[in-house]
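Below is one structure, written out as structure tokens, with a few remarks after it.
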Amino acid sequence: MDTWSRFLDTFFKPELIRQYLPSIAKGTFTTIEIALAIVVTGILFGLFLAVVRTFRVLPVNVLLVACVDVMRAMPPIVLVLLVYFGLPNIGINIPSFAVLWIVLSLVLAAFAEEILWAGILSVPKGQWETARSTGFGFFSTLIYIVLPQAVRLTVPPLTNRTLAITKNTALGTVIGVPEILNQATTGQSFSGNATPLMMGAIAYVVLFIPVVAFGRFLETRFRWSRV
Amino acid sequence: MEALLNQFFNFDIMARALPLVLTGLRQTLLLCLVVIPLGLAGGLLVALLSLVRLRAVRWAAIVAIDFFRAVPPLVLLIFVYSGLPFAGVRLTPLAAVALAFFLNNSSYYAEVYRAGIESVGRGQWDAARSTGLTVGQTLRSVVLPQAVRNVLPDLVSNTVEVVKLTSLASVIALPELLYSADMARSLTFNTSPIVLAAGFYLLMLWPLVRLVSRLERRIAS
């Protein structure tokens, strides 16, 4: 066998591709499901935290910033293991996909809060004052005047951060969530061949390249509009 | 409450796990000394390639950056560590981590450098070149210093991510901080060693996270 066909046989074996396509597809579906759940809950909770921070109640904000900092400084896999192994021992049993979902949502919420808060700060004070003096209430000002401007500035960094955190769904494999990587490594150890792993890697690329390209597009637009 | 404290903050168990966790911490620090410089250097190289005039090179660099940003680092690591042996390339855990994270981190650092270099006005290049500086000199003493200053918060924040990333090495049994803590956890059936490891990560990274926030605010104002 020459090198090329040995390479194909190791990473792209046709019968293994056929055999493992269903399980990789199922894993892809699981990854998409969990990723979407994380994006929705993470960003909404982050927005909620950023709004809470605008009230500027000192003790609340100190606690909020401390928690956000911890979530930003901690490797997600540490949090996953902590929750996954810790909670059952104190009588709380939650399924492993829920552990992944909760932990990554909290991490995303922390980063989203920081980014959105920076966006809110970047809206000039005059915008607040003008809106309030024309009779807008605090919430109306926040919702109709400040947030629309703040959110626009934060879209590119938020997209990139969201992408980075949803990629962490691969950590699910460590606690047995049947997502892409898990299906791929299982397939690899059953077949004794790297083809399922290659299929998994390809599934990730197909899934995330559009998001990377979209983030790049947003960044160029953002830069262009800022000049 | 009692059970919770005993499960997560059992100081006896933490004290017993400390020596093991400390050897893990040393491995993590060593790992950082390997992957951070590799990423910084590789990223700069890729960033420069993504800005050259030759279109083929530029596109190749950008495709590589996007590819490695789309693949989760854990997938890359497992592919390098347990997929490549099938092709006859068998790496030690340390070499696998170094290679996988070199590919991943270089792409992220490259994007940061790129944004920085592009933020330096065209006039700086023209002025430097017209005073007789070569391309290399212009880059080294005019463009890069300004570029790095402009993206300093992103460089630091990416470095925080790189340090966090080293914890993935535990998955391929490299005995770093998280791996040793998890080993202590499975020996004691208690989660406190992981809390201890979490404390060390916090100790290392919390100052940097604060620094990023301050740098970002200073640049915004």
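The model shown is predicted, which means the values in this text are computed figures rather than measured ones. No hydrogens, no waters, no symmetry mates; every other heavy atom, side chains included, goes into these values. Throughout, a chain's letter reflects where its sequence line sits, starting with A, and its residues are numbered from 1.
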(request) Would you name the heavy atoms of B:Lys164 and A:Met74 that are closest together and state the gap between them? (result) CE-O, 3.4 Å

(request) Identify which part of B:Tyr108 has an atom lying under 4.5 Å from any heavy atom of chain A, answering side chain, backbone, both or neither. (result) side chain

(request) Measure A:Phe111 against the heavy atoms of chain B and call it side chain, backbone, both or neither at under 4.5 Å. (result) side chain

(message) Testing the basics here: between A:Ala170 and B:Leu74, what is the closest heavy-atom pair and its distance to 0.1 Å?
(response) O-CD2, 3.5 Å

(message) Please check if the number of heavy atoms outside A:Glu15 that lie under 6.0 Å from its CD is greater than 12.
(response) yes

(request) Any chance you could measure A:Leu79, atom CG, to B:Ser167, atom OG, to the nearest 0.5 Å? (result) 9.5 Å

(request) Examine whether an atom of A:Thr195 lies under 4.5 Å from a heavy atom of chain B, and if so say whether it belongs to the side chain, the backbone or both; otherwise answer neither. (result) neither

(request) Against chain A, label B:Pro73 side chain, backbone, both or neither, depending on which of its atoms sit under 4.5 Å from a heavy atom there. (result) side chain

(message) Side chains of B:Arg69 and A:Ile209, heavy atoms from C-beta outward: is any pair under 4.5 Å?
(response) no

(message) If I take atom CZ from residue A:Arg72 and atom CG from residue B:Leu205, how far apart are they, to the nearest 0.5 angstrom?
(response) 11.0 Å

(request) Rounded to the nearest 0.5 Å, what's the gap from CG on B:Asn104 to NZ on A:Lys167? Could you check? (result) 6.0 Å

(message) Given heavy-atom pairs under 4.5 angstrom as the criterion, report whether the side chain, backbone, both or neither of B:Asn6 touches chain A.
(response) neither

(message) Are the side chains of A:Phe208 and B:Val71 in contact, using a 4.5 Å heavy-atom criterion?
(response) no

(message) A side-chain contact here means heavy atoms from C-beta on lying under 4.5 Å apart; do B:Ser170 and A:Ile77 qualify?
(response) yes

(message) Under 4.5 Å from any heavy atom of chain B, what part of A:Asn168 do you find: side chain, backbone, both or neither?
(response) neither

(message) Nearest 0.5 Å, please: how far is CZ in A:Arg6 from CZ in B:Phe86?
(response) 15.0 Å

(message) Are more than 12 heavy atoms, taken from residues, nucleotides or ligands other than B:Arg210, located less than 6.0 Å from that residue's CZ atom?
(response) yes

(request) Using non-hydrogen atoms and a 4.5 Å limit, figure out which bit of A:Ala118 sits close to chain B: side chain, backbone, both or neither. (result) neither

(message) Are B:Ser157 and A:Arg161 packed together at the side-chain level, in the sense that at least one heavy-atom pair is separated by less than 4.5 angstrom?
(response) yes

(message) Under 4.5 Å from any heavy atom of chain A, what part of B:Ala87 do you find: side chain, backbone, both or neither?
(response) both

(request) Measure A:Leu121 against the heavy atoms of chain B and call it side chain, backbone, both or neither at under 4.5 Å. (result) side chain

(request) Let me know which of A:Leu81, A:Ile90, A:Asn89 forms a side-chain contact (heavy atoms from CB on, under 4.5 Å) with B:Thr191. (result) A:Asn89

(message) Within the structure provided, determine whether A:Leu181 and B:Pro72 are in side-chain contact (heavy-atom separation under 4.5 Å).
(response) no

(request) With a 4.5 Å cut-off on heavy-atom pairs, point out which of B:Ala3, B:Ser119, B:Ala198 contacts chain A the most. (result) B:Ala198

(message) A side-chain contact here means heavy atoms from C-beta on lying under 4.5 Å apart; do B:Phe79 and A:Phe11 qualify?
(response) yes

(message) Would you compute the distance between atom CG of A:Asp69 and atom CG of B:Leu202 and round it to the nearest 0.5 angstrom?
(response) 8.5 Å

(message) Quick check for you: among A:Val174, A:Thr10, A:Leu197, which has the greatest number of heavy-atom pairs under 4.5 Å with chain B?
(response) A:Leu197

(request) With a 4.5 angstrom heavy-atom cut-off, could you sort out which part of B:Leu178 is near chain A: side chain, backbone, both or neither? (result) side chain

(request) Name the option with the most non-hydrogen atom pairs under 4.5 Å to chain A; the candidates are B:Val209, B:Leu76, B:Asn190. (result) B:Val209

(message) Using heavy-atom distances under 4.5 Å, tell me whether B:Leu165 contacts chain A through its side chain, its backbone, both, or neither.
(response) neither

(message) Under 4.5 Å from any heavy atom of chain A, what part of B:Phe8 do you find: side chain, backbone, both or neither?
(response) side chain

(request) Counting only heavy atoms closer than 4.5 Å, note whether B:Val195 contacts chain A via side chain, backbone, both or neither. (result) both

(message) Need one label for A:Thr169: side chain, backbone, both or neither, based on atoms under 4.5 Å from any heavy atom in chain B.
(response) neither

(message) Less than 4.5 Å to any heavy atom of chain B: does that hold for the side chain of A:Val78, its backbone, both, or neither?
(response) both

